[in-house]
Number of protein chains: 2
Amino acid sequence: MTTAIQKLLRPQSVAVIGASSDPAKTAGRPIAYLQKHGFGGRLFPVNPKIESVAGLKCYARISDLPEVPDVAILLLGAERSIQAVRELSELGVAAAIVLASGFAETGEEGQSRQEALIKAAGSMRLLGPNTIGLVNLTDGIVLSATGALEMEHLPQGNIGVVSQSGGILGSLLSRAGSKGIGLSKLISTSNEVDLEVADFIEELIDDEATQVIALYIETIRNPHQFRQAALKAAAKGKPIVAFKIGKSEAGALAAVSHTGALAGSDRMYEALFKHTGVIRAETFSDLLDIAMSLSSHKKLMGQRVAILTSTGGAGTLVSDSLGVVGFETPAPDQNTAKALRALQTGDEAVLDRNPIDVTLAGLQPDLLRAAIKILLLSPSYDALVIVVGSSSLAMPELMAGAIRDCLPLSDKPILAYISPHAPHVASLLVGSGVPSFASSESLAASLVAMHRVQQWSPQTSESQVVHKTLPMGLHGNLNEFDSKALFAQFGIPCTKEFKVKTAEEAREAASKLKGPVVLKILSSTIVHKSDVGGVAVGLDAQSIADRMANMVTEVSAKTRGAQDTPKEFLVQEMVHGGVELILGLHKDNLGSALLLGMGGVTAELLKDTSMRFLSPEHALSPEEALAMVKDLKTWPLLNGYRGRPLCDVPALVKAIVSFSQMAISLEGQLNEAEINPLFVMPLGQGVLAADGVVVLE
Amino acid sequence: MTTAIQKLLRPQSVAVIGASSDPAKTAGRPIAYLQKHGFGGRLFPVNPKIESVAGLKCYARISDLPEVPDVAILLLGAERSIQAVRELSELGVAAAIVLASGFAETGEEGQSRQEALIKAAGSMRLLGPNTIGLVNLTDGIVLSATGALEMEHLPQGNIGVVSQSGGILGSLLSRAGSKGIGLSKLISTSNEVDLEVADFIEELIDDEATQVIALYIETIRNPHQFRQAALKAAAKGKPIVAFKIGKSEAGALAAVSHTGALAGSDRMYEALFKHTGVIRAETFSDLLDIAMSLSSHKKLMGQRVAILTSTGGAGTLVSDSLGVVGFETPAPDQNTAKALRALQTGDEAVLDRNPIDVTLAGLQPDLLRAAIKILLLSPSYDALVIVVGSSSLAMPELMAGAIRDCLPLSDKPILAYISPHAPHVASLLVGSGVPSFASSESLAASLVAMHRVQQWSPQTSESQVVHKTLPMGLHGNLNEFDSKALFAQFGIPCTKEFKVKTAEEAREAASKLKGPVVLKILSSTIVHKSDVGGVAVGLDAQSIADRMANMVTEVSAKTRGAQDTPKEFLVQEMVHGGVELILGLHKDNLGSALLLGMGGVTAELLKDTSMRFLSPEHALSPEEALAMVKDLKTWPLLNGYRGRPLCDVPALVKAIVSFSQMAISLEGQLNEAEINPLFVMPLGQGVLAADGVVVLE
């Protein structure tokens, strides 16, 4: 059975509601474009004011339509769109595309209009509102008013695009066209009152014409469905590349613990993308460039790149950009160098280097072809970048021809950097299956993306999530003692401590613990205990009683009666010689993530933190937990930096896995959780949670 | 008198040595291009094998030339170029352009060839070798073989370009042409055996046709001349923008102190650029985009930007990129909002926001013009960005016309972001004086550059450099005691300490210092004293003798006889409660710089350091020293972060200024200098240099 989404993408019949007979007007464009780009189905303009549009009979009312069309595209204002949607739904139309703006994006009044629209649609599927429509390039069906459709030929190919902005759809369509990058489908979902990004990802996974999916994202409304769809795409070998708006959003979350303050919402997207194998395009231009590279059917198995250049400076530029992203451009191995030297034609060029500069020699096609072949088959390289210089402006076919001939020789990627402005050379190369770039940074980003796609594998942790039940009566903010008891329940070692109320109990606890101890107020409401004088270190059984009395006075003074006089205290072993970390849970509307950071001010001021999205099904695997630790810039501090002792990283990994088990096991009940500090002791001595916060539902 | 450089840029007569009659060959191009682009002077091909080139009589030998040409361009191989250069010099030619490669860039043999070339040139000036030549667009004189000159019309304008790569010259020429960005002169200096970047900067400063200077830099061979030229350009109001290769170079300097290891050579370029007011383009594409913006004659006095968009998504994109670089996009003030609302035409668009979305309303030119005027004159904004959407593909003049009309109304910059691929719209706008961008990141980088140009002022420190003489006999590595004595001589407070040899002296010193003391070995060869057990803290007069004996044993064991048995020690006051910084001198072939970093591992692992280039004339001003401190990400630690005490920043600033005075005063004698740690105590308690290294000439 054909679904409504399938009908939307490949309708046999289309009604255009509010069609204008003036193709210069927005309302005149869809029919003009449908005809221009050769729509083969039936087309029904609807407009009470006119008789015909572009040779087609125009119907006055929706009820006058001679058949139930598969799809309707609405070119009316907001209010009239709602009415039309109601009529179309009653008629039994499968799906409607609503172009009108003036809905939720404009404020409260628009929000009520949007609700009315959803209600009016009933069981009919909706694309939009505030969308510019969609373009099915595979089948030549354009259901859109974007001015980008003025182009003569649609750039057909295997990249499916979903954009949450209508304007961006036009931008991507015309930019792809200019670069010779072929697309399969292009859908603008915009306000997403019904159909949203994930619906179209799923559709594109099943679409044979689509091999790569490119997304322009402003927000993910349904993260659960998005995650499922993205994981499915990865499993099917259809990589997703996404550009997401919002790198600079303030994103300050009013969470009690530091975790929230550190993990901006944009980082959560980053974590979700990483978790699902989605490649993030850092710039808008990279979105198409990376998609183009991923659609080339070549595999990048390593990070060693040969650069063959017909122009010295640009070769250096490429090599610099590759270095910035951590790729290598090693000199040729002995055999490769020997083969290159054998090509030498008597001029002074030195071929056995990398970049390999064939500035003058490069004007001979045979030599060029031979050099490409040698580099492509060399075991020293995983990919080849060819730099096209200004001489190509006079001889566009020279380089393109040589590359094309060599392309079938290997599965290794060949990419081209075009140094001058030479769109015809670039299109020629892209058309032959060679991703071509005007920017060395985009080329480097594309190689990184190709490598990541080969490296990525889904989380397949063996770690069973142990479901525990919470002790009875626990809810809301837990104090330090109860928080740590919960951590301990999940297997995270905590400092030895006693809960005390009196000076006598404190003395007794200090004696039992031996060595110096820490005294803290115990409170479920004061988060920063030391800020109010509620922490004292280095005490013993002798000194603790006096210090306790002082603490009561100081805390009372500093909280100025906003808090009750402290009644409970913790007497705790004092930890020496470990490295302090923070381990916390971050939750927002996208889901849950683990956040690990170096302790103290480092995490806060220097943002040295590491994040992992939490799957609802699996705890973090030990491998992933270890990778998370190694992501920290300060990782060397745990790993014997400058003669420091090796820290107990295996124990830290275990604690991270346990913390993730806790987070998943108590999902829905756990609002916040943070261990701060988590001491990582020298190897063999484990870890110790020395303080923590938990907020339950 | 006309100088040789002036003749090179504006020759009356040109000899083309090794000219070919086949315009498809590299050696055939210069004459073909000179004629194509309308050279009005006299032209003399030289080639013994042919009679004529493109209708011009061809001379067999240089000695046959009918007159002494102003300039010769050489299209011969390396060896034959040397001979020709000798003959041209003997003839009295002012300057020669040598295209041949095969010189220093190819290795040792090439290096000797290069020396022969320099010798052969005598007093004749040389451009190159390995250059592609130069293009004077102002006067239509092209002395170059770049294939980019295939273009029909040279993009004339006010940007002068100097490139150290020949290939990049062609790239910039064709890219500028495609964007409608006008250039004045374009010179490729390449191997720079004689004329180099700074020579042409000086020439372009005096060139009336040039308003902005753009540089493609691989290395600066003469930093002193570069610095002078760049400062002169800034003083003359001709901003310089530079793209420099080498962001990813390993750049590890084998200096004894940490400073060297932290300050890669690329950072030194960064510091030199900052010092001289040179704007660094972070990407190659930004080089032309920023130059275009700076050449628009508009002034950006603040960081508040209004965005007017005809397409929602792209407006968000621009606003996101502006946010990333720290610019603001505030909502309109009351009056501005009121004026915008008055434009409302009844549709649902909400105009009193920022970005101001005129998706539908924007199709009316009057409304567009009115909105632009309101935003341009609004006191809430310092600049206006106009986003051009896909509708412009059908109506390119609509937006361009409205913007052009408003341009004379204000000195505030108007920039355009072109969302679809629409080079004709972009060229139209650029031609009208509106910098236009296909990338929101480049647009943001250009605004940052425009703002920096307005903000920049040269170092004008009042601080007199006090010239001191070094104590007699000091040279090579100084030990801690002598290093600190030198710091103290320049007014930097150091820890109280005594040099001791015997246990008795140590005891005495400890008594005098009161409080706990530090014992250190005193050595001019062991840099990391604590790594070999040569530091002990928290001692007193009782414990110091035993500890000293142990230290001798431990250090001897750890250095395994590589060092003499320690004979001298320092007994030093122990510093409590300060924040540890590192303050050091960094020197490389570009010059000297001061490096400030947070102490401990933060500076090393997290690269939280701040650098300032040292002028040979002035010490750092207190303002600059303070700015250097505030550049640190960990600056809040000195400034009362989370209830910490305010540190003595005024004393720190004074110490930095003093350190810079020392560096300049001892310039030439001082190879290395570093204070590590420099304790910054609570406000009012000053700073204390607790350890340090000095290496003298």
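Because the structure is predicted, anything quoted here is derived from the model rather than measured. Letters go in sequence order (proteins before strands), and every chain restarts at 1.
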Relative to chain B, which of A/Gly315, A/Ala422, A/Ser530, A/Ala438 shows the most heavy atom pairs under 4.5 Å?
-> A/Ala438
Of the backbone (N, CA, C, O) and the side chain (C-beta and beyond), which part of A/Ile418 lies under 4.5 Å from a heavy atom of chain B, both, or neither?
-> backbone
Considering residues, nucleotides and ligands other than A/Gln111, do more than 12 of their heavy atoms fall under 6.0 Å from its CD?
-> yes
Side chain, backbone, both or neither of A/Ser390 within contact of chain B (heavy atoms, under 4.5 Å) = both
Result of checking A/Thr634, A/Asp608, A/Leu606 against B/Leu605 for side chain to side chain contact (heavy atoms under 4.5 Å, CB included) | A/Thr634
Can you tell me how far the OG atom of B/Ser419 sits from the CG atom of A/Leu172, to the nearest 0.5 Å?
-> 8.0 Å
Greatest number of heavy atom pairs closer than 4.5 Å to chain A - which of B/Pro420, B/Gly323, B/Ser165 | B/Pro420
Hey, does the side chain of A/Ser178 reach the backbone of B/His421 with a donor-acceptor pair shorter than 3.5 angstrom?
-> no
If you count heavy-atom pairs under 4.5 Å between each of B/Gly166, B/Ser171, B/Ser439 and chain A, which one has the most?
-> B/Ser171
By salt bridge (Lys or Arg N to Asp or Glu O under 4.0 Å) - contacts of B/Glu108 (at least two apart) = none
Top residue by heavy-atom pair count (under 4.5 Å) with chain A, among B/Leu317, B/Thr283, B/Ile168?
-> B/Leu317
Side chain, backbone, both or neither: which part of A/Gln164 has a non-hydrogen atom closer than 4.5 Å to chain B?
-> neither
Write down the atom of A/Glu282, the atom of B/Glu441, and the distance for their closest heavy-atom approach.
-> O-OE2, 4.3 Å
With a 4.5 Å cut-off on heavy-atom pairs, point out which of A/Ser163, A/Gly167, A/Gly110, A/Ser174 contacts chain B the most.
-> A/Ser174
At a heavy-atom separation under 4.5 Å, does B/Glu109 approach chain A through its side chain, its backbone, both, or neither?
-> neither
Find the one option among A/Ser321, A/Gly313, A/Gly326 whose heavy-atom pairs under 4.5 Å with chain B are most numerous.
-> A/Gly313
Residues passing the side chain to side chain contact (heavy atoms under 4.5 Å, CB included) test with B/Ser319, sequence neighbours excluded, are B/Ile307, B/Thr329, B/Pro355
Options A/Leu169, A/Thr146, A/Thr316, ranked by heavy-atom pairs under 4.5 Å with chain B, top entry = A/Thr316
Quick one: pull up OG in A/Ser101 and CG in B/Asp357 and give me the separation to the nearest 0.5 Å.
-> 7.5 Å
Is the side chain of A/Asp320 donor-acceptor paired with the backbone N or O of B/Gly246 at a distance under 3.5 Å, no angle test?
-> yes
